[in-house]
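Counting starts at 1 for both ligands and their atoms, following the listed order.
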Amino acid sequence: MKILVLGSGAREHALAVKFAASKRVDEVIVSPGNGGIAQEFVCVELINFEAIADFVRSNGIAMVFVGPEDPLSKGIVDYLQAQEIIAIGPSKLAAQIESSKAFAKDLMKKYQVPTAGYEVFSDYSSAKKYIKEGKYPLVFKADGLAAGKGVVIVNSLAEAEEELIEFMLDNKFGAAGAKLVIEEFLVGWETSIFAFSDGENFVSTIFSMDHKQLEAGDKGPNTGGMGAIAPIIQAEKYKTQIENEIFTPVLKGMKEAGFPFTGVLYCGLMITAEGPKVIEFNCRFGDPETQVILPLLKTDLVEICEAIHEKKVDELELKWKEEFAINIVCAAAGYPGKYEKGKVIEVGDISEDSKVYYAGVKKTQGKLLTNGGRVLGITSLSYDREDLIRKSYSLVDKIFFEGKVIRRDIGLRPQQ
Ligand code: AMP
Ligand code: GLY
């Protein structure tokens, strides 16, 4: 069968590689993909939903897998399914679990899912009044989609006043920041887990851990993610509790609301002294977590997608490799702020059991050039975690482009 993967990042590259590993898949096509993915898979530019549906029909595509949140929140799955095209991902309404933080928080409150206390504000003056009485630090979150950058931690009233002006008066996050969620600051350590859901039943994955801040020691601004490791053994003991107290009520709540969640539900957690609490939900695979989860997954991804589509997730049993995986992101100088583009990328000799996943990359006149903030990520696997960390960083040193930025402590947090 032929699979079409939608998206342009390293996550989509990892998805394409995993689909291509299925005996049942003859061809994987990525849209739009990028210059690095195009070295391995056909990449096509499809400008809108209609063009995607036409391409699916005229090329005998059996299944469309949607990588990023943006088309999901605009209703791509509803659009394709209305034309009897098999598309994996949530509907527009179900994607609200990511596209509106206020929606996600209200749902969690209703079903008593453990999460940080919060208030939602649509006007500046009531938010201003609230922050005067707040217990600091507080967490400001833009309600809408902000590419993983819409969260700011404020440590004092002065900082909060400044941020509030930027969020609500200067519209730093555009329409996404028109509504503001102000949340209690949770103390603990972070991990994440995915659930494959068919709307009725779900099955959860191993845990992984992203490294959101730009700099080692969790310093600097938040990014889309600078690297990941899996599995997180220390989180395993919470798995049943997370399934029972988080995934089960949230998925039940969405079904009761009339828009069951189908696809991949990402749950970002803080493991606090009181147990796991939800930091965020995403309506899709995480990036860079996918680049460590999929290489460890032994189960055929086509089988998982079919179980989601045919509502047979209850019959699904996931199988995992026993190894650890680390992904280290190489970013462009300036990221997550304004960054440089057009730097020549050279990739040295990478061992066979490691893989470069391309993200912000284009190919011009036979040369790979940087073209985005997160340029690429490299994933390695090993049974020995210390050895894996050494190996991963020696491989990163074989990737050259001017201004390359990496975090030097992926996989080194104490909980791992
Ligand atoms: P999010 O985009 O919601 O995942 O938030 C980005 C990052 O901000 C998270 O990965 C956490 O490191 C941090 N964060 C978000 N919410 C909270 C919270 N309530 N307490 C502490 N840290 C948080
Ligand atoms: N790595 C976090 C995310 O994909 O949103």
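- Pairing each heavy atom of M63 with each of C305, the nearest pair is SD-CB, 3.4 Å.
- Here's the thing with D210: one of its N/O atoms is less than 3.5 angstrom from an N/O atom of ligand 2.
- The E289 neighbourhood of ligand 2 comprises atoms 1 (N), 2 (C), with distances under 4.0 Å to a heavy atom of that residue.
- Of all atoms in ligand 1, listed by their number and element, those nearer than 4.0 Å to a heavy atom of K141 are 3 (O), 15 (C), 16 (N).
- Numbered from 1 in the order shown, with element, the atoms of ligand 1 that lie under 4.0 Å from a heavy atom of K101 read 2 (O), 3 (O).
- For E184, every heavy-atom contact with ligand 1 shorter than 4.0 Å involves the backbone, none the side chain.
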(message) Quick one, I399 with V396, criterion side-chain contact (heavy atoms from CB on, under 4.5 Å). Give me CA distance, side-chain angles, the key distance, then yes/no.
(response) CA-CA 5 Å; I399 290 167; V396 163; 5.6 Å; no

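- Here's the thing with L186: one of its N/O atoms is less than 3.5 angstrom from an N/O atom of ligand 1.
- Annotation for ligand 1: atoms under 4.0 Å from non-hydrogen atoms of I279 are 3 (O), 4 (O), 15 (C), 16 (N).
- Of all atoms in ligand 2, listed by their number and element, those nearer than 4.0 Å to a heavy atom of R284 are 3 (C), 4 (O), 5 (O).
- On a distance-only criterion, K212 and ligand 2 share no N/O pair closer than 3.5 Å.
- Only the side chain of N222 comes within contact range of ligand 1, with a heavy atom under 4.0 Å; no backbone atom does.
- For the pair Q213 and ligand 1, the shortest N or O to N or O distance does not fall below 3.5 Å.
- Remark: the K355 side chain and the Q291 side chain contain no N/O donor-acceptor pair separated by less than 3.5 Å.
- In summary, of the residues considered (F202, Y238, Y111, F261), a ring-ring contact (aromatic ring centres under 6.0 Å, His included) with F247 occurs for F202 alone.
- Atom NZ in K18 sits 4.5 Å away from atom CG in L297 (nearest 0.5 Å).
- A heavy-atom separation below 4.0 Å is found between G224 and ligand 2.
- A donor atom on one side chain and an acceptor atom on the other are found under 3.5 Å apart for D106 and Y118.
- Here the two rings, on F194 and F285, have centers that are under 6.0 Å apart.
- Every atom of ligand 1 is numbered from 1 in the order shown, and the set under 4.0 Å from a heavy atom of M270 is 21 (C), 22 (N).
- By the 4.0 Å heavy-atom criterion, K277 is excluded from the residues contacting ligand 1.
- Side-chain atoms of S99 and S73 form no donor-acceptor pair, as typed in the model, at a separation below 3.5 Å.
- Side-chain atoms of S125 and D123 include a donor-acceptor pair closer than 3.5 Å.
- Judged by the shortest distance from any of its heavy atoms, F285 lies outside the 4.0 Å radius around the atoms of ligand 2.
- Centroid-to-centroid, the aromatic rings of F324 and Y383 stay 6.0 Å apart or farther.
- Counting atoms of ligand 2 from 1 in the listed order, those under 4.0 Å from a heavy atom of G286 are 4 (O).
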